[in-house]
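For reference, the structure discussed in these notes is given below.
Quick note on labels: first sequence line is chain A, next is B, and so on, each numbered from 1.
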Amino acid sequence: MSDDLRDFIRNRIRADVAAERLPHGVVTRFPPEPNGYLHIGHAKSICLNFGVAEEFDGRTFLRFDDTNPLKEGEEFVEAIRRDVEWLGFRWTGEPTFASDYFRELYHFAERLIERGKAYVCSLTAEEIRASRGTLTEPGTPSPYRDRPTDESLDLFRRMKAGEFPDGAHVLRARIDPASPNVNMRDPVLYRIRHATHHRTGDDWCIYPMYDFTHCICDALEGISHSLCTLEFEDHRPLYDWVLDNIDMNYHPPQIEFSRLGLPFTVMSKRQLTRLVADGHVSGWDDPRMPTLAGLRRRGYRPEAIREFCRRIGVSKADNLVEVEFLEFCVRNDLEGTAPRAMAVLDPLPVTLTNYHGDGETLTGPWHPQRAEMGQRDLAFSRNLYIEREDFSDNPPRKYRRLVPGGMVRLRYGYIIECEEVVRDSAGEVSELRCRYVPESKSGSDTSGLKPKGVIHWVDANSAIAAEVRNFDRLFRVPAPAGDNLAGDLNPNSLHTDHGFIEPAIAASPETRFQFERTGYFVKDSELHHPQRPVFNRIVSLRDSWKPKAQGQG
RNA sequence: UGGGGUGUCGCCAAGUCGGUAAGGCACUGGGUUUUGAUCCCAGCAUGCGCAGGUUCGAGUCCUGCCACCCCAGCCA
């Protein structure tokens with residue numbers, strides 16, 4: 001397929017394929033723990049795992065890493081399945097679960113004990129921590145390290161049988177208490193947990209740890225390349241140790257890449273969970289959240305997220321990708337797919353003093369470069385709304401919109417000239433009284449006039465009132481502090497406008513639109529109704545116009 | 001101070017056996033345009049964390065530094 005992608009992982013796979021080192025072809029897996037919702041960082045991993053398999057005609061498993069019943073649940077399993085599918089990927093067969101392999105895992109553990117490679121340790125969690133040493137000091141052997149094999153085996157069986165309370169014993173690998181790599185200092189393989197598992201119920205009261213589980217599941221599923229993030233690099237020796245010490249003739253290589261870094265947001269499940277729990281956002285799918293559910297509700301299309309993941313690449317370097325990059329991908333995707341329409345978010349009434357009669361119907365294309373998208377009718381009459389921002393009686397230099405005595409073209413309509421500015425008692429502009437040029441109708445203009453500016457507008461009589469939610473970054477600092485999340489929140493991350501949209505928008509089955517000259521918007525999946533429109537701003541339009549700092553109009 | 005990683009343009013990121021620094025984003029000019037959008041054209045690292053060394057030639061090899069990230073859960 002697309003061998004245009006170059007990164008160290010694909011290069012490695014290409015070499016493995018060329019050397020015919022992959023008896024079962026390319027097999028990858030996306031292994032989330034079902035304890036939260038997926039976010040854009042997971043999208044990077046999903047696109048990598050599923051993408052690589054597609055490119056090399058391989059397969060990808062969706063495997064839930066559910067070895068900790070205390071934190072996991074079906075709600076998350078469902079949400080994750082939905083998000084992966086939404087992103088546009090299909091896994092091989094049914095999703096698998098680490099819990100599917102609990103029985104095999106248990107047998108592998110018994111064999112390990114029999115070979116003297118694992119033992120039951122009866123130290124408390126605190127004692128284990130104390131004997132583990134520190135980063136710079138070696139640990140000391142557990143007093144149970146030389147417990148006879150038979151005794152360990154018996155204890156382990158009784159642990160499984162439920163004879164002991166949580167924390168009474170654990171199964172540990174016998175590796176090296178003094179290893180410079182703390183992960184190798186006789187790591188815990190199994191712990192007692194009298195908890196109900198979302199899939200296996202109360203079948204088990206001992207649960208395997210990640211390091212013991214993951215590598216074995218990878219091997220059992222015939223994974224050809226086990227891709228994970230950098231923080232697991234220190235665990236690779238353990239991944240290899242387990243597979244080297246059990247009866248398994250298959251050993252996938254673990255390859256690590258760096259996680260996606262994005263400023264002005266948080267990406268850890270712990271922090272995202274807190275935002276939801278503390279009510280700082282409306283839920284996991286709040287449009288400001290970096291979760292796939294949030295981005296979906298925000299209006300991002302999966303195509304845009306996939307393109308983003310493709311463009312950022314994969315490497316081992318720590319990275320912080322500018323949000324402008326993501327926004328570029330979103331605009332790029334919407335540019336060719338979203339129909340255009342007009343909406344006035346901050347309305348200023350305009351009365352055409354020389355326009356008489358009941359009004360008329362104009363037309364405008366749904367997309368200026370894509371005639372095949374057709375066109376829609378635009379009601380036009382004596383009473384209109386224009387954007388408050390598009391009028392100024394103290395314009396900055398190079399201002400190309402409406403000014404007192406000035407002319408401007410109404411998009412797909414007529415040219416108007418501002419004759420009078422009406423103000424309310426507070427001195428605020430409350431209405432513009434303008435003259436329209438009858439012979440300047442769009443498409444049959446014989447006026448010869450060439451106003452500099454073109455502005456959008458909406459017919460006051462037929463426009464539909466709409467709520468438009470504009471979002472800004474959730475946090476006001478690039479790197480929100482883990483301990484004081486609330487304090488770093490951007491108090492202005494949500495700004496709601498009450499404006500008017502042309503009726504064709506509400507009537508259209510389309511959900512995403514470009515409101516011309518403003519941005520891309522989507523009908524909110526929960527709150528929108530044709531009679532009571534509610535839109536979310538997906539992303540604003542790029543705006544290269546920067547008025548001179550001086551005449552602040 | 002133990003172990004494991006990473007350092008190529010403001011950001012992301014390619015750089016085969018050492019051979020004379022891709023591309024994208026951003027930015028800056030210019031053109032088209034009834035969206036200050038899109039589109040098009042042009043510009044944008046004599047430099048590859050720093051310092052030495054090997055070599056006809058080094059981002060790519062060697063040596064020594066420096067900076068940053070990860071690890072001491074019976075979490076994943």
C1' atoms of G64(B) and U54(B), separation to the nearest Å: 15 Å
For Thr337(A), all residues meeting side chain to side chain donor-acceptor pair (under 3.5 Å), sequence neighbours excluded: none
Test side-chain contact (heavy atoms from CB on, under 4.5 Å) applied to Ala463(A) - qualifying residues, sequence neighbours left out: Val458(A), Phe500(A)
C68(B) to U8(B) separation - P atoms, rounded to the nearest Å: 15 Å
Pairing partner (Watson-Crick or G-U wobble, both distances under 3.5 angstrom) of C65(B): G49(B)
Nearest-angstrom distance from the residue atom CZ of Phe515(A) to P of U35(B): 19 Å
Centroid separation Phe521(A) to Phe515(A) less than 6.0 Å: yes
Residue whose closest nucleotide on RNA chain B lies nearer the 5' end, Lys44(A) versus Pro180(A): Pro180(A)
Quiz item: cation-pi between Arg147(A) and Tyr119(A), 6.0 Å / 45°: no
Partner set under salt bridge (Lys or Arg N to Asp or Glu O under 4.0 Å) for Asp100(A), not counting sequence neighbours: Arg199(A)
Test ring pair (Phe, Tyr, Trp, His ring centres under 6.0 Å) applied to Phe380(A) - qualifying residues, sequence neighbours left out: Tyr355(A), Tyr414(A), Trp457(A)
Those residues that, when tested against Asp445(A), pass side chain to side chain donor-acceptor pair (under 3.5 Å) (two or more places apart): Arg409(A), Ser447(A)
Rounded distance in Å - CG (Leu238(A)) to C1' (G4(B)): 14 Å
Span that lies between the P atom of C71(B) and that of U63(B), in whole angstrom: 29 Å
Sugar-phosphate only, base, or nothing, as touched by Gly453(A) at under 4.0 Å among non-hydrogen atoms: nothing
Integer-rounded Å distance: U35(B) P and Glu502(A) CD: 16 Å
Nearest-angstrom distance from the residue atom CG of Leu320(A) to P of A13(B): 11 Å
Report all side-chain donor-acceptor pairs from residues 363-370 of chain A shorter than 3.5 Å, counting only partners two or more places apart or in another chain.
unit_1, atom_1, unit_2, atom_2, d
His367(A), ND1, Arg340(A), NH1, 2.9
Arg370(A), NH1, Gly336(A), O, 3.2

Closest nucleotide among G36(B), U6(B), A37(B) to the Glu335(A) side chain: A37(B)
C9(B) and G43(B), which share atom name C1', separated by this distance in whole Å: 14 Å
Sugar-phosphate, base or nothing in reach of Ser442(A), heavy atoms under 4.0 Å: base
Check: Arg236(A) side chain, G4(B) base, donor-acceptor under 3.5 Å: no
is_close_aromatic(Tyr190(A), Tyr207(A)), centroid dist under 6.0 Å: no
Sugar-phosphate, base or nothing in reach of Gln514(A), heavy atoms under 4.0 Å: base
Letter per nucleotide, 5' to 3', of nucleotides 23-31 of chain B [B base touched, S only sugar-phosphate touched, - untouched; heavy atoms, 4.0 Å]: -BS-S----
Donor on one side chain, acceptor on other, Tyr520(A) and Gln514(A), under 3.5 Å: yes
Atom-pair distance (CD on Glu327(A); C1' on C11(B)), nearest Å: 14 Å
Pair listing, side chain to side chain donor-acceptor pair (under 3.5 Å) test, anchored in residues 28-37 of chain A, at least two apart: Thr28(A)-Thr60(A), Arg29(A)-His214(A), Arg29(A)-Ser226(A), Glu33(A)-Asn35(A), Asn35(A)-Lys269(A), Tyr37(A)-Glu75(A)
Same-atom distance (P) from C25(B) to C39(B), integer angstrom: 9 Å
Lys NZ or Arg CZ of Lys160(A) over Tyr106(A) ring: under 6.0 Å, within 45°: yes
Distance, P atom - from A37(B) to G29(B), rounded to whole angstrom: 13 Å
Nucleotide paired to A14(B) in any strand shown, Watson-Crick or G-U, under 3.5 Å: none
Close N/O contacts between protein and nucleotides 14-21 of chain B (under 3.5 Å):
unit_1, atom_1, unit_2, atom_2, d
A14(B), OP1, Val314(A), O, 3.2
G15(B), OP1, Asn11(A), ND2, 2.8

Counter-base of C27(B), judged by Watson-Crick or G-U geometry with both distances under 3.5 Å: G43(B)
Sugar-phosphate or base contact per nucleotide [nucleotides 66-76 of chain B; S, B, -; heavy atom under 4.0 Å]: ---SBBBSBBB
Contacts of Pro263(A) that satisfy side-chain contact (heavy atoms from CB on, under 4.5 Å) - sequence neighbours left out: Leu320(A), Val323(A), Pro478(A)
Between U33(B) (P) and Lys450(A) (NZ): distance, integer Å: 11 Å
Sugar-phosphate only, base, or nothing, as touched by Phe308(A) at under 4.0 Å among non-hydrogen atoms: nothing
U20(B) pairs with, by Watson-Crick or G-U criteria that keep both distances under 3.5 Å: none
His456(A) NE2 - U35(B) C1' separation (whole Å): 10 Å
Torsion-based syn/anti label for G73(B), 90° from 0 as limit: syn
Nucleotide A37(B), atom P - distance to CZ of Arg340(A) in whole Å: 13 Å
Rounded distance in Å between the C1' positions of A22(B) and A45(B): 13 Å
Integer angstrom distance from the P of A13(B) to that of A67(B): 23 Å
Residues which pass salt bridge (Lys or Arg N to Asp or Glu O under 4.0 Å) with Arg193(A), listed by chain and number, not counting sequence neighbours: none
